[in-house]
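Report on the following structure.
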Amino acid sequence: MCVALPGLAISTEQGQLTGQGLEGFYRAGRRVLSRCLLRVAGREPLAVQARMTAADSARFLGTVRTSSHVGPDPDVVVERIRYADGTERITLYSAAVRPLRLPVEVALGTDLADLGAIAGGAPAPELPASVHDSGLRWASPTGNASVTADPPPADALASAGLLRWEFVLPPGGSASVELRVRPDGAGPVRAVGRAATSPLAPARAMGDDPRAQHLLRTSIEDLQALLLRDPAHPTDIHLAAGAPWRCGLAPVDALTAARMTLSLGTRLAAGTLRTLARTQLQVPGPQSGMIPGPRRDAGPHLPPSCTGTEATLLFPVLLAEARRWGLPDAETEELLPTAESCLTWLRTTVGDAPYLCDPQPGGPLRVETQAHAHRAALLGADLLDSCGRPGGAGLKQWAQQMRAAFRDDFWIDDLGGGRPVVARAPDGRPVPHLGAAAVHLLDTGLLGAGELAPGLLDKVQTEQLARLLGGPAMDSGWGLRGLGAKEVGYNPFGHRGGAVRTHETAVAVAGLAAAGYEKEATSLLRGVLAAAETFGHRLPEMFAGEQRTDGSAPVPHPAACRPAATAAAAGVLLLTTLAGIRPDAPAGTVTLRPLRGAPLGEIVLTGLRIAGGPFSVRVGRLGLAMVEEAADGLQLGA
């Protein structure tokens, strides 16, 4: 899968585009080419290798035997390099000892179908082609597309959708054809993630474990491939949720990924916040101040949740933490009214109650919603106080009341030491199942001076949660299951009922490390790094929660996006967690809390950004961190 949104190219490892399933070139969610079948000397090349060369390109290698002599050696090597922007370059290399005359045919076709219809199993039939310029063209009521070739074909047959060439290759010679697929009137894809325009710093990782280098590079490439511009405000850039299913803006995914990648700079956070600020509901009523979002399945034990609730709570959190990482004051002030409206919605919605229902009104009290609300209240109060705005005291008082009640209301005691409940039903009944939603209790948020906000659990409860997350019911050996393996309704492929969700695993690693539970954090970290290696370091948003055994490999989930914004951002968070970077740009300080066990040995992270300047840090084999590069005036905190 090659991605450079709005361009996308999907194929099997064979390299041929057969028109089956999702195969094809896409532009903005429409399939502009579904079939691209290559034949050389009347034969399909024998596929020998397929690999990603970057997030937006793949290389396919095949061989063809043209001579009649007996032997295993092919005469022709066929290389196809495919790009998400709709370009494919086909090159033939001769290994023969005499000149070869090679007829080459490319059979093309398309249905110009929408990705959603194709995914739903209802693609349209192929459209008739017409000869156009140096290639073929297709037209439908919903749009047009064309393929042009360089060099132009010797023959073009519209009825068969066929382009033909004939090449004469001397011994050791080569010949190439470049195909360009475009909707009519559209130029090449202008991917936002190109180096000159990307809001993400080109950070690098080096050290004892080479997987860190590969994971960080691939994660950043995937994030760049998923970047989109707000069409009405092209300077504002945000992330699409993932390919191929979710190539548009999903507020929670965009905010979550921007928060996990603050170490790569604050430009993505600023663009995401400005884009979502324009969607905030301003109409009178109970939803005023919300960032709208769709409902989301919550697994086998709870009704769907409202992603708008989570997005509204994430907005002030991202703004507060982006300010700590170095978001300029002018941009903070610009976005502050939207954050204030989110916080006003929170206080108005809960009223005198200690908890926030989701969805409102009358929904269950979900444990992660309380964690998000508590964090939003504390970081929102810190933001308001720091910017001289009123309202911080009331938010802190409400958060304190929630903490006092939560430790009894959302905890059940049992012979194993107790556990947090997943939720409390509208009738007050606890929903006791152990799931990954509890990891959000460890993600308390960053305040000033490198300090983390207090959490909803006390020390004993936090220790017990760490033990549960590190146990075999939750830790699959590849990452954290969404639901414990011993729970009723567990399904290793359940996307919220047992599958490993990559970004929740990263949140667990960061939260456990910050709370001082390095053994559990290290186990999850090593597991997800091993999974990343088997996935070519391009982590999917989720994969099956089957237990890791000797010689096994993580099982892909058939509906997972890959690349996905939150999974790619998780790769960044996992590696920066090793250094425990906690900046306070307004105070001119950065605090380091590295993992003392140095689970990956020595690691050097370069090209990060804090306070608008480059930042590099080295963590040695003894778990000691050293700043190697920082912005002028940035001091190491205690």
Could you go through Thr18 and Glu23, starting from their C-alpha distance and side-chain angles, then the distance that decides it, and tell me whether this counts as side chain to side chain donor-acceptor pair (under 3.5 Å)?
CA-CA 7 Å; Thr18 66; Glu23 293 178 39; 3.2 Å; yes

Are any side-chain N or O atoms of [X] and backbone N or O atoms of [Y], one a donor and one an acceptor, separated by less than 3.5 Å?
| X | Y | result |
| --- | --- | --- |
| Thr63 | Val77 | no |
| Arg27 | Arg182 | no |
| His233 | Thr235 | no |
| Trp245 | Ala559 | yes |
| Thr275 | Gly271 | yes |
| Arg609 | Gly265 | no |
| Asp75 | Ala96 | no |
| Arg229 | Pro234 | yes |
| Thr218 | Leu215 | no |
| Arg35 | Leu108 | yes |

Considering only NZ, NE, NH1 and NH2 on the basic side and carboxylate oxygens on the acidic side, decide whether [X] and [Y] come within less than 4.0 Å.
| X | Y | result |
| --- | --- | --- |
| Arg51 | Glu13 | no |
| Arg180 | Asp85 | no |
| Arg65 | Asp73 | no |

For [X], give me all partners under ring-ring contact (aromatic ring centres under 6.0 Å, His included), at least two apart in sequence or on another chain.
| X | result |
| --- | --- |
| Phe315 | none |
| Tyr490 | none |
| His537 | His214 |

Might you point out which heavy atoms bring [X] and [Y] nearest each other, and give the distance in Å?
| X | Y | answer |
| --- | --- | --- |
| Pro292 | Pro251 | O-CG, 3.5 Å |
| Asp208 | Pro210 | O-CD, 3.4 Å |
| Met260 | Ala569 | CE-CB, 3.6 Å |
| Cys36 | Leu179 | SG-CD1, 4.0 Å |
| Tyr83 | Phe25 | O-CE2, 3.3 Å |
| Ala506 | Ala570 | CB-CB, 3.6 Å |

Within this structure, what is the [atom1]-[atom2] distance for the pair [X] and [Y], rounded to the nearest 0.5 Å?
| X | Y | atom1 | atom2 | result |
| --- | --- | --- | --- | --- |
| Phe60 | Gln14 | CZ | CD | 9.5 Å |
| Leu22 | Thr12 | CG | OG1 | 12.0 Å |
| Arg481 | Met542 | CZ | CE | 16.0 Å |
| Cys2 | Ile10 | SG | CD1 | 9.5 Å |
| Leu605 | Leu578 | CG | CG | 7.5 Å |
| Cys561 | Glu541 | SG | CD | 4.5 Å |

Could you tell me whether the side chain of [Y] reaches within less than 4.5 Å of the side chain of [X], counting heavy atoms only?
| X | Y | answer |
| --- | --- | --- |
| Ser134 | Asp150 | no |
| Pro244 | Met1 | yes |
| Pro99 | Pro171 | yes |
| Glu310 | Leu314 | yes |
| Val509 | Val507 | no |
| Val177 | Phe167 | yes |
| Phe493 | Val555 | yes |
| Val106 | Leu162 | no |

Does a donor on one side chain and an acceptor on the other come within less than 3.5 Å for [X] and [Y]?
| X | Y | result |
| --- | --- | --- |
| Ser176 | Thr91 | yes |
| Ser11 | Arg82 | yes |
| Thr148 | Asp133 | no |
| Gln16 | Arg80 | yes |

Consider salt bridge (Lys or Arg N to Asp or Glu O under 4.0 Å). Of Arg562, Arg217, Arg538, which one does Asp222 pass it with?
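By the salt bridge (Lys or Arg N to Asp or Glu O under 4.0 Å) criterion, Asp222 pairs with just one of Arg562, Arg217, Arg538: Arg538.
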
When you look at Val104 and Leu92, which way does the side chain to side chain contact (heavy atoms under 4.5 Å, CB included) test go after all the steps?
CA-CA 10 Å; Val104 175; Leu92 313 176; 3.5 Å; yes

Please report the C-alpha distance between Leu249 and Leu228 in whole Å, then the side-chain angles of each, then the deciding distance to 0.1 Å, and finally whether the side chain to side chain contact (heavy atoms under 4.5 Å, CB included) criterion is met.
CA-CA 8 Å; Leu249 173 63; Leu228 292 173; 5.9 Å; no

Evaluate salt bridge (charged side-chain N to carboxylate O under 4.0 Å, His left out) for Arg31 paired with Asp114, printing each intermediate quantity in order.
CA-CA 6 Å; Arg31 183 156 64 180; Asp114 180 82; over 6 Å; no

Could you please spell out the steps behind the side chain to side chain contact (heavy atoms under 4.5 Å, CB included) verdict for Leu227 and Ser198?
CA-CA 8 Å; Leu227 291 170; Ser198 175; 4.0 Å; yes

Go through the steps for Arg89 and Glu79 under the test salt bridge (charged side-chain N to carboxylate O under 4.0 Å, His left out), then give the verdict.
CA-CA 8 Å; Arg89 188 168 185 84; Glu79 179 189 63; over 6 Å; no

Asp230 and Arg274: CA distance, side-chain angles, deciding distance, salt bridge (charged side-chain N to carboxylate O under 4.0 Å, His left out) verdict:
CA-CA 10 Å; Asp230 185 329; Arg274 282 194 292 266; over 6 Å; no

Walk me through whether Leu575 and Leu600 qualify under side chain to side chain contact (heavy atoms under 4.5 Å, CB included).
CA-CA 10 Å; Leu575 296 177; Leu600 302 187; 4.3 Å; yes

